[in-house]
J.: 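Provided herewith is a single structure, encoded as structure tokens, for subsequent inquiry.
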Amino acid sequence: MDIYQHFRKDEQPFIDKVLSWKEQVERNFQPRLTDFLDPREQQIVKMLIGGESSDIKLSFEGGTAEAERKRAVLAPYYDEISIEDFQLTLCQATYQSKFVTVEHRDVMGAFLSLGIKRQKFGDITVKNGILQIVLGNEIAPFVRANLNMIKKAKVTLEEKPLSEGLATEQQWDFSDKTVSSLRLDTVLKEIYHLSRKDAAAYITKQQVKVNYKVVEDGKYGLQEGDLLSLRGKGRSKLAAVNGTTKKDKLKITIAVLK
């Protein structure tokens with residue numbers, strides 16, 4: 001059976017990477033720690049490696065109970081996996097929220113400007129003048145030494161216990177819609193109340209992501225569970241595909257992050 005037939009073509013390079021991790025663990029009998037994975041990547045890893053019949057133990061950890069981005073540990077089935085194996089550091093800074101507004105994207109931009117790849121840090125939380133970020137231990141000293149300004153706010157990052165991570169519960173608004181197809185431009189138009197022309201323009205300008213990756217093709221076919229984001233308008237997901245109407249339109253359930 002061709003394992004790739006169950007996944008999209010653009011996911012094949014990541015599938016190859018996961019299979020190489022699996023082979024390394026089986027060959028060397030040594031655990032393998034990954035970088036931070038987004039939820040879709042975590043799902044792929046579970047599909048390829050998970051299951052009670054697997055000879056490999058698989059575990060995920062992102063530092064907080066509600067973490068979205070997580071590192072994975074693949075280990076021989078007889079190994080015990082502990083929180084220390086994920087090599088996570090929680091860093092926190094405070095800023096004067098009365099005088100400057102710091103948003104998630106500002107923190108992201110500051111980290112990326114240091115030359116740090118997105119895979120090397122986990123969830124970012126900005127709340128009531130406090131910002132927190134979960135880092136891999138391997139880059140935490142570099143970040144603490146070099147990140148001292150976010151937007152116009154001076155910051156000093158301090159290490160905190162993982163148990164002090166701020167709660168970030170997500171709330172979604174669900175609604176049922178009908179669409180002519182599961183094309184990206186069609187579903188995007190319905191979720192964000194756009195004209196077809198505007199939906200196409202956002203996609204062409206690389207302002208739309210599906211499962212955390214920029215998609216530039218309006219004909220891109222969505223699947224149940226796909227997470228979407230439109231720059232400046234927030235995140236949403238195709239929560240369910242519920243069959244067809246008498247006029248052969250698709251009944252879907254969408255969810256928009258509050």
Side-chain angles (χ1 to χ4, degrees), residues 1-91 108 111-112 114-125 132-146 157 159-165 168 209-214 223 225-227:
M1 183 189 300
D2 182 6
I3 195 169
Y4 298 109
Q5 68 180 335
H6 303 291
F7 302 93
R8 291 174 168 131
K9 188 174 181 179
D10 62 348
E11 294 174 331
Q12 290 184 7
F14 182 71
I15 292 167
D16 291 338
K17 186 182 294 186
V18 176
L19 294 176
S20 72
W21 296 339
K22 181 176 183 290
E23 182 183 353
Q24 290 169 20
V25 175
E26 291 174 335
R27 184 178 64 246
N28 301 324
F29 302 102
Q30 295 290 330
R32 178 67 160 81
L33 173 65
T34 74
D35 286 333
F36 288 91
L37 307 175
D38 65 43
R40 174 57 181 166
E41 291 171 332
Q42 294 168 41
Q43 184 182 35
I44 292 174
V45 173
K46 290 176 184 176
M47 293 170 70
L48 294 174
I49 296 177
E52 294 182 2
S53 60
S54 175
D55 290 333
I56 293 181
K57 185 175 289 186
L58 175 65
S59 186
F60 296 92
E61 181 58 59
T64 62
E66 300 85 9
E68 187 173 82
R69 299 180 62 84
K70 299 177 181 179
R71 300 186 95 167
V73 170
L74 289 68
Y77 69 92
Y78 48 79
D79 272 12
E80 292 297 327
I81 300 174
S82 68
I83 185 68
E84 288 77 16
D85 293 324
F86 294 92
Q87 300 180 29
L88 301 173
T89 298
L90 175 66
C91 286
M108 175 84 76
F111 273 80
L112 296 177
L114 293 177
I116 300 172
K117 294 182 179 180
R118 184 64 183 95
Q119 296 91 336
K120 289 297 182 182
F121 57 97
D123 283 12
I124 297 168
T125 304
Q132 291 185 341
I133 188 161
V134 180
L135 306 169
N137 288 355
E138 66 273 18
I139 66 162
F142 172 81
V143 173
R144 290 185 60 192
N146 291 278
L157 289 171
E159 187 174 334
K160 294 288 185 180
L162 293 175
S163 59
E164 294 186 17
T168 55
K209 291 184 179 181
V210 179
N211 297 326
Y212 305 90
K213 296 179 179 66
V214 173
Q223 298 176 4
D226 280 346
L227 182 68

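The residues of the chain are indexed from 1 along the displayed sequence. If you're wondering where the values come from, they're calculated on a predicted model, not measured in any experiment.
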J.: Taking the side chain as every heavy atom from C-beta outward, state whether I116 and I139 have any pair of such atoms under 4.5 Å apart.
T.: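 Contact flag for I116/I139 side chains = yes.
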J.: Does L157 reach the side chain of V143, with side-chain heavy atoms less than 4.5 Å apart?
T.: yes
J.: For the backbone of L37 and the side chain of Q42, can you confirm whether one donor and one acceptor N or O come within less than 3.5 Å of each other?
T.: yes
J.: Are the side chains of R40 and K213 in touch, meaning some heavy atoms are under 4.5 Å apart?
T.: no
J.: Do L58 and V45 have side chains that approach each other closer than 4.5 Å (heavy atoms only, starting at C-beta)?
T.: yes
J.: Tell me, do R32 and V73 make a side-chain contact under 4.5 Å, heavy atoms counted?
T.: no
J.: Please say whether more than 12 non-hydrogen atoms of neighbouring residues, nucleotides or ligands are located less than 6.0 Å from NZ in K17.
T.: no
J.: Is W21 close to L48 at the side-chain level, that is, under 4.5 Å between some pair of heavy atoms?
T.: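 Of all side-chain heavy-atom pairs linking W21 with L48, none is under 4.5 Å.
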J.: Would you compute the distance between atom CD of E68 and atom CZ of F36 and round it to the nearest 0.5 angstrom?
T.: 13.0 Å
J.: Between D123 and R69, is there a donor-acceptor pair closer than 3.5 Å when you use the side chain of the first and the backbone of the second?
T.: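 Side chain of D123 to backbone of R69: a pair is present.
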J.: Under a 3.5 Å cutoff, is there a donor and acceptor pairing between the side chains of R27 and Q24?
T.: no
J.: Compare all side-chain heavy atoms of I49 with those of L74 and state whether any distance is below 4.5 angstrom.
T.: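 Side chain of I49 against side chain of L74, heavy atoms only: contact under 4.5 Å found.
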J.: Once you round to the nearest 0.5 Å, how far does OG1 of T89 lie from CD of Q87?
T.: 9.0 Å
J.: Would you mind checking if K209 and D226 are paired as a salt bridge, meaning a charged N to carboxylate O distance below 4.0 Å?
T.: no
J.: With a 4.5 Å limit on heavy-atom distance, are the side chains of L135 and L88 in contact?
T.: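 Heavy-atom side-chain distance check fails, nothing below 4.5 Å.
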J.: For a quick test of your reading: what N or O donor-acceptor pairs under 3.5 Å do the side chains of residues 77-84 make, sequence neighbours left out?
T.:
from : atom 1 : to  : atom 2 : distance (Å)
S82  : OG     : E84 : OE1    : 3.1
S82  : OG     : D85 : OD2    : 3.3

J.: Once you round to the nearest 0.5 Å, how far does NZ of K160 lie from SG of C91?
T.: 10.5 Å
J.: Does R118 use its side chain to pair, donor to acceptor, with the backbone of F121 at less than 3.5 Å?
T.: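 Flag set: sc R118 to bb F121 pair under 3.5 Å.
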J.: To the nearest 0.5 angstrom, please state how far the CD1 atom of I15 sits from the CD atom of E41.
T.: 11.0 Å
J.: Keeping Q30 on the side-chain end and A75 on the backbone end, is there a donor-acceptor pair under 3.5 Å?
T.: no
J.: According to salt bridge (Lys or Arg N to Asp or Glu O under 4.0 Å), who are the partners of E138, at least two apart in sequence or on a separate chain?
T.: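 Counting only residues at least two positions away or on another chain, E138 forms a salt bridge (Lys or Arg N to Asp or Glu O under 4.0 Å) with R71, K120.
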J.: Is the charged tip of K46 near the ring of F60: under 6.0 Å from the six-membered ring centre and within 45° of its axis?
T.: yes
J.: Compare every heavy atom of G63 with every heavy atom of A67, then report the nearest pair and how far apart it is.
T.: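 The answer is CB-N, 4.5 Å.
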J.: Taking atom CG of D38 and atom CD of Q43, what is their separation to the nearest 0.5 Å?
T.: 10.0 Å
J.: When rounded to the nearest 0.5 angstrom, what distance separates CD in Q223 from CG in N211?
T.: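 Between atom CD of Q223 and atom CG of N211 there are 8.5 Å.
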